[in-house]
Amino acid sequence: MTFNELASQRLEEIARMLDLLGEDTFKVNAHARAARAIADHAADLKGAGDDPSVLEGIEGVGAKTAAKIAELARTGTIKEHADLAARVPAGLFDVLRVPGLGPKTVRAMWQTLGVTGLDDLQRTIDDDSILSLPRMGAKTVENIKAGIATVRSGAGRVNIGVATPIAEALVARISGVPGVERAAFAGSLRRGRETVGDIDILGVAEGPTAEAAREAFCTTPGVKRVLARGESRCSVELEAGSSIVQADLKLVPARSWGAALMYFTGSKEFNVRVRERALKRGVTLNEYGLFPLDNDPTPHHQRPGGLETAVAGDTEASIFKALELPELAPELRESAADFDHAPPELVTLQDIRAELHAHTTASDGVMSIVQLATLAKSKGFHTVAVTDHSKSSALAGGLSPERLREHIRNVRSAGNEIDGIRILAGSEVDILADGRLDYDDDLLAELDVVVASPHAALTQDPAKATARLLAAVTHPLVHILGHPTGRLIGHRAGLEPNMDEIAAAAAEHQTALEINANWLRLDLRDTHVRLALSKGALIAINCDTHHPKDAENLRYGVATSRRGGLSKERCVNAWTRERLGEWLKR
DNA sequence: GCCGTTTTCGGCCCGACTGTTTTCAGTCG
């Protein structure tokens, strides 16, 4: 866990504990907001212990929170957190995760029934003592029972690569309802976050069409439970692989499409900022549109003909324009921080013209060289690099120097078998634990492209990891640093090197840092991309193709790059064939 | 606890839904 993640977690826990103790909700929200801001902050805040000024300028982090973060950096703990933890049973965090249970109810359970965890909660259901709580009836208890099962099933955040196909299937299902004009997914999935807490689907439908859409949504194959089904919103729990994910449907009139899309895309912080901007300009923004401010307390959408008084709202662009804001891509709406700056022109999926990290049957891929090249060509790419594993990755069929030399010849001859795409001979060479590369320089010099990646010793300490990756990044024959940290989202933390140093060295040596587009990796992560770009580094987005379906992961890599603010100019995969070739020969 | 182009004090987004009520509290996003 990085320091930022730890600090974010501690602040979030403080927020939850204050909430359970019945503290002021604004204080609670302030901690939760600071936790999100820290989690999304690009630069490592570990240095805050010596120099708290690194915390200045982070929105939502004031003097008191800054002091807590500095304390954590200095001592490894936050006294306030420890004091709270001594008062609030840790098991209540699990109880809070039960859908439908919030701080008020959990607090009542804890203080009047002695509930300190999920087992206690189950006991109060079994012996009916739960019914003694205010506003607690049979239906609520049934929902809590189902909610406990949801929590115990391990439902949590779902990887973008799992959630996206589900979201697309839901969009297709809603779009297929006769009369539905359009549908799309919104939420953190549209912002391209590496994991999502739920799936938000938006559709345009009114009257009987809306009822048909609701019915289609709630009866989607894989739906385990309908959580809510109202006029304009529905919520269900869906199977997602071995886990469960919540999906929400919102139905709006066509003239509210843009306002609703913006609203449900978020983030929360972004919405607040846009709304404040609107109010200053004498208009008010909600999910139905942008309306002139007046003294009538009835919301515009509830007034007869009210929607027609909207200044904007049918498209997101109309709202940005009306507020005189540049159109901000969903991936950049994570926080309010970038709001006042003109957004960079971000790289797009269509800009990507080269895959520079791919495996064949020579190591652990399933495609031949020609099959791989054919796939890349079908994507409209001008270049594909064959980068099979090096000898230390024995389990992945890493190539001995002799086999690599033969493989290079095979790659060169494959180039004669297929037109319209350049096939590069390369290697994904292991960066050994001490920073040496897995092949001698004279062999590496025979290759067109060298991707250097860490595969083993992924728990070494940050200082060693930094030295190890610096050795690779500054090596004159290395073009790309592959999946720099080796993390697997939700499974393995990976290396925690000093990314400032890595990025600065990469910039100096014109070595590209890879965003590995595999949705289990997304490594570099979004905050690292932002940091790398601030240091002037180049970025590569690669699918690390082993199987034809891996090419579909490109969009997740692109989304991650966009969240970091990557432009076409700084993305080597988006360069022309000629420019890419010159860079590789440097 | 945070924040300020009307404020350094007094605000802090707001609408939908459910289940419990008898007019609404709690939760969610």
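Throughout, protein chains are lettered first and strands after them, A, B, ... in sequence-line order, and every chain is numbered starting at 1. Quick caveat, the model's predicted, so the values are computed rather than measured.
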**A/Arg555/A/Glu168 ion pair, N-O < 4.0 Å** = yes
**Prompt:** Using a cut-off of 4.0 Å on non-hydrogen atoms, how would the nucleic acid contact of A/Ala138 be classed: base, sugar-phosphate, or nothing?
**Reply:** sugar-phosphate
**Asked** Nearest to the side chain of A/Asp200, which nucleotide is it out of B/dG29, B/dC2, B/dC24?
**Response** B/dG29
**Item:** Under 3.5 Å side-chain donor-acceptor pair for A/Thr2 and A/Asn4
**Value:** no
**Message:** For B/dT7, does the O4'-C1'-N9-C4 or O4'-C1'-N1-C2 angle fall within 90° of 0, making it syn, or is it anti?
**Reply:** syn
**Asked** Would A/Glu287 and A/Ser256 count as having a side-chain donor-acceptor pair, cut-off 3.5 Å?
**Response** no
**Asked** In terms of side-chain heavy atoms, does A/Glu13 have a donor or acceptor partner in A/Gln9 at a distance below 3.5 Å?
**Response** yes
**Message:** Please report the distance separating the C1' of B/dT27 from the corresponding atom of B/dT20, rounded so that it comes out in whole Å.
**Reply:** 14 Å
**Dot-bracket line, read 5' to 3' along DNA chain B, where crossing pairs take [ ] and | marks a partner on another strand, Watson-Crick or G-U under 3.5 Å** = ((((....)))).((((((....))))))
**Message:** Is it the case that the side chains of A/Thr219 and A/Arg173 hold a donor-acceptor pair, with the cut-off being a distance below 3.5 Å and no angle test?
**Reply:** yes
**Item:** A/Glu239/A/Lys224 salt bridge by N-O under 4.0 Å criterion
**Value:** yes
**Item:** Between A/Ser188 and A/Arg193: side-chain donor-acceptor atoms closer than 3.5 Å
**Value:** no
**Nucleotide nearest A/Thr105 (side chain, heavy atoms from C-beta), chosen from B/dT27, B/dG1, B/dG29** = B/dT27
**Message:** Of the options B/dG1, B/dT27, B/dT18, whose atoms approach the side-chain atoms of A/Asn143 most closely?
**Reply:** B/dT18
**Item:** Candidates B/dG29, B/dT20, B/dC2 - which lies nearest the side chain of A/Lys139
**Value:** B/dT20
**Message:** Which is more 5' along DNA chain B, the nucleotide nearest A/Val141 or the one nearest A/His31? Just name the residue.
**Reply:** A/His31
**Asked** Contact class for A/Pro103 vs. all strands (heavy atom < 4.0 Å): base, sugar-phosphate, or nothing?
**Response** sugar-phosphate
**Asked** Using a cut-off of less than 4.0 Å, is there contact between a side-chain N or O of A/Thr65 and OP1 or OP2 of B/dC2?
**Response** yes
**Complete:** Protein-proximity profile, nucleotides 12-17 of chain B, B/S/- by nucleotide at the 4.0 Å heavy-atom cutoff, equals BBBBSS
**Complete:** A/Ile199 CD1 to B/dC28 P, in whole Å, measures 18 Å
**Asked** Would you call the rings of A/His301 and A/Tyr288 parallel, tilted or perpendicular if under 30° counts as parallel and over 60° as perpendicular?
**Response** parallel
**Request:** Tell me whether the OP1 or OP2 atom of B/dG29 has a side-chain N or O from A/Gln246 closer than 4.0 Å.
**Result:** yes
**Item:** Summary of ring-ring contact (aromatic ring centres under 6.0 Å, His included) pairs that have at least one residue in residues 12-43 of chain A, sequence neighbours excluded
**Value:** none
